[in-house]
Amino acid sequence: MARPEFRRSQGVVPFGVGAIIDFPDESLMAAGLDAWTIEMQPEAAVYLKEATCLSEPRLQARLSHELGKDVSGLYMPPEAPELSARGFSGLNGPVITAHTPFVRFPNWHFCPRCRSMQYVPWNSPSNAKNEDLRCKNSKFRRQAKSNTQPCSALPLNRRPRLVPVRFIVACAHGHISDFPWSKWAHGDKKECGHEPGTLFLVSTGGAGLEGIKVECSKCGSYRTMKGAFNPSTFSEATGLSCSGERPWLGPQAQEPNCQESVQVVQRGASNVYFPYVVSSILIPPYSETLHRILDNQSIWNEICDVLDNIRVNGEPVISANMFSSKAKKYGIEAEVFAAAITEKYLHPEVWSGTAEQTESAYRYTERQAFLGPRPAPTERDEFDIKKTKISDYSYVVRDYFSEVVLIPRLRETRALVGFSRVTPYDGDLSRLAALSKKELSWLPAVSSNGEGIYLELSENKLSIWERTHSDIAERIDLINDKWARVCSERGTEFRPYSSRLLLAHTLSHLIIRQLSFDCGYDSSTLKERLYVSNDADRNMCGILIYTAGGDSEGSLGGLVRQGESGNLEATIIAAVKNAEFCASDPLCLESEGQGYYGLNLAACHACTLLPETACELGNRVLDRALIVGSEANPQGGYFSDLIHA
């Protein structure tokens, strides 16, 4: 059997800590950070940290403030060792590769031959000789002929491989556990103390959940899965509340007294795992060589060891001569190198940027970097921009946008902070499931390189559009009323959405869908990043469309080329005109709420929605009527003039 594998970037999203991964032959859950090699093996941690460390001080400063603890490092999931002809290859020299740890979940499995249900331990290994993964049922009872052998009588290599069940139980605090099969089958009856091999998961041929039955062969009790997804029905049948189980942290990591109601979900459903990921674009001065050198943890530790041991009256002594050899090694003037060390050592908050800032302030800094000067030729490895003149574009772009910036190189870092289940993260950190049992000072993250286009909408055009069409506010109120109810139900702070956010978000989706045709990129490899704020000191309404993949796709110049004069106009026209009609119209265009909690108006899979990896807001808060106008007000769209020109 081939070993379970996935790409390194998937170790943060979508298969981060606590996520269920369906491999071809088994279902596993990514284990907590306590089980990672850099925590389990201190002798290997030194080399692994060096090989997987990411330098993003601005993001670390922000996370430290947001989480109320020092985030001293961001580390990528390690690469697995290469396979040799005899299995896993040995390691010579420093350990720079390691396996990502998993636990087995769900634990209940069934045999596709005899339909018996069997429990597989959480730490049962993945190999062909593991008897735990082969059926051990000694009584073949499902529509068998009289001479049919039970599974246990077959040779091990001919026994059916057990299949994980698809029904599990989860709560909004991230707890998750196996479905209580015995309690469900027995219902009001007292459980008969069934033995292994007496529970069977049977397909009756009926429609839907009514066609799936779990039965106990010892006492004859049975029940179909009908009603299992109804919380009240499930509670009445089992009498169970949330058990507080956290299998990704091991069998002894239970959190007792959880007050959340539990919900039955399917193993591969989208509501089983909602990661909370904080992302950042590496910008100057943090992308510059000097910053990248001093932000390397091993290099900085060496420098600190020197400074801690050389002090006069308790104060550190920092001179150019002390680090001249190291400065020469990296091709930096000794005085410049010493000045940078002084700033980072004595004023770390200045070096890493302001930590206490809102999300809009954080993004405004990035926006200023896009509109700022181009980095020096020697500093363009991680970040580069090509400013354009808006006058070089035709009216299609010039009348609706104030800035177009081409970004041939950018680096995005994404850090996993926690996750929720059943409902997406709503801003309350206390509702996030923990990534580890003990508090750690580092987080898993992944970094990728790519290219992008930054588009900023015209402030003058926006102001006229908002003043002219009163129905815009009415459409925004429809969404905000629904969002207010959601926040009230969850007990979270209500923050209303603005017309500019809906406009920029919807436009971003439409352009990405069109770029996937124009550039040849799959829409799942393109991403959006919204820069929208009504604050007086950081007013902005822009979108960054970029590609940041783990391989070479997305860094070959195709996206930047499409942003040049003569190409961008065609993309904008096609994106807007395609949005004028939807295969689901008139239902889509006249909708007063669809999608998650009805937070979309005129937006569906046929016209606007993107793969989840491409959208920042989970395919919510979209309305193409703000782009092309509504049935009641065809001129109410931001681009209505372009359509009817």
Value rounded to 0.5 Å, distance of [atom1] in [X] from [atom2] in [Y]:
| X | Y | atom1 | atom2 | value |
| --- | --- | --- | --- | --- |
| S470 | E466 | OG | CD | 13.0 Å |
| K577 | L510 | NZ | CG | 14.5 Å |
| S630 | R475 | OG | CZ | 5.5 Å |
| E451 | I545 | CD | CD1 | 12.0 Å |
| R467 | I472 | CZ | CD1 | 11.5 Å |
| L501 | C541 | CG | SG | 8.5 Å |

Nearest non-hydrogen partners of [X] and [Y], listed with the distance:
| X | Y | value |
| --- | --- | --- |
| T423 | A172 | OG1-CB, 4.1 Å |
| K482 | G598 | CD-O, 3.0 Å |
| P14 | A19 | O-CB, 3.6 Å |
| E569 | V397 | CG-CG2, 3.9 Å |
| V272 | R421 | O-NH1, 2.8 Å |
| A445 | V12 | C-CG2, 3.6 Å |

Side chain to side chain contact (heavy atoms under 4.5 Å, CB included) evaluation trace for L455 with V405: CA-CA 7 Å; L455 304 170; V405 181; over 6 Å; no
Does [Y] offer a backbone N or O that forms a donor-acceptor pair with the side chain of [X] under 3.5 Å?
| X | Y | value |
| --- | --- | --- |
| S64 | Q60 | yes |
| Q10 | R7 | yes |
| S640 | G637 | yes |
| T525 | Y521 | no |
| S533 | S360 | no |
| N600 | L622 | yes |
| R166 | R267 | no |
| D22 | G268 | no |
| N534 | N539 | no |
| R624 | A603 | no |

[X] and [Y]: side chain donor to acceptor below 3.5 Å:
| X | Y | result |
| --- | --- | --- |
| N460 | S458 | no |
| E379 | T289 | yes |
| E459 | S463 | yes |
| T571 | D518 | yes |
| S420 | R431 | no |
| Y286 | S55 | no |
| S508 | E528 | yes |

Side chain to side chain contact (heavy atoms under 4.5 Å, CB included) between V169 and V265, worked out: CA-CA 6 Å; V169 178; V265 294; over 6 Å; no
Would you mind checking if [Y] and [X] are paired as a salt bridge, meaning a charged N to carboxylate O distance below 4.0 Å?
| X | Y | value |
| --- | --- | --- |
| R367 | E456 | yes |
| R409 | D381 | no |
| R529 | E366 | yes |
| E66 | R62 | yes |
| D535 | R538 | yes |
| R363 | E616 | yes |

Does [atom1] belonging to [X] count more than 12 external heavy atoms closer than 6.0 Å?
| X | atom1 | value |
| --- | --- | --- |
| Q266 | CD | yes |
| Q368 | CD | yes |
| R374 | CZ | yes |
| F494 | CZ | yes |
| F581 | CZ | no |
| K69 | NZ | yes |

Derivation of the side chain to side chain contact (heavy atoms under 4.5 Å, CB included) call for I407 and L544: CA-CA 10 Å; I407 308 175; L544 171 66; 3.6 Å; yes
Heavy-atom check, side chain of [X] versus side chain of [Y], under 4.5 Å:
| X | Y | answer |
| --- | --- | --- |
| K527 | T613 | no |
| K461 | D641 | yes |
| R58 | I283 | yes |
| N578 | R513 | no |
| W442 | L33 | yes |
| I453 | V560 | no |
| V446 | S9 | yes |
| I168 | V264 | no |

Steps toward side chain to side chain contact (heavy atoms under 4.5 Å, CB included) verdict (N619, H509): CA-CA 9 Å; N619 272 327; H509 276 231; 3.1 Å; yes
Result of checking L617, T608, L626 against H505 for side-chain contact (heavy atoms from CB on, under 4.5 Å): L617
Proximity of F370 and Y454 rings by center, below 6.0 Å: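 Centroid distance F370-Y454: below 6.0 Å, so yes.
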Cation over ring face, R620 and Y497, 6.0 Å, 45°: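 No, a cation-pi geometry is absent between R620 and Y497.
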Residue pairs fulfilling ring-ring contact (aromatic ring centres under 6.0 Å, His included) with at least one residue in residues 399-421, sequence neighbours excluded: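 Of all non-adjacent pairs touching residues 399-421, those that pass ring-ring contact (aromatic ring centres under 6.0 Å, His included) are W248-F419, Y273-F419, Y400-Y638, Y400-F639.
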Stepwise side-chain hydrogen bond (donor to acceptor under 3.5 Å, both in side chains) test for R411 and S447: CA-CA 7 Å; R411 196 187 89 182; S447 180; 3.0 Å; yes
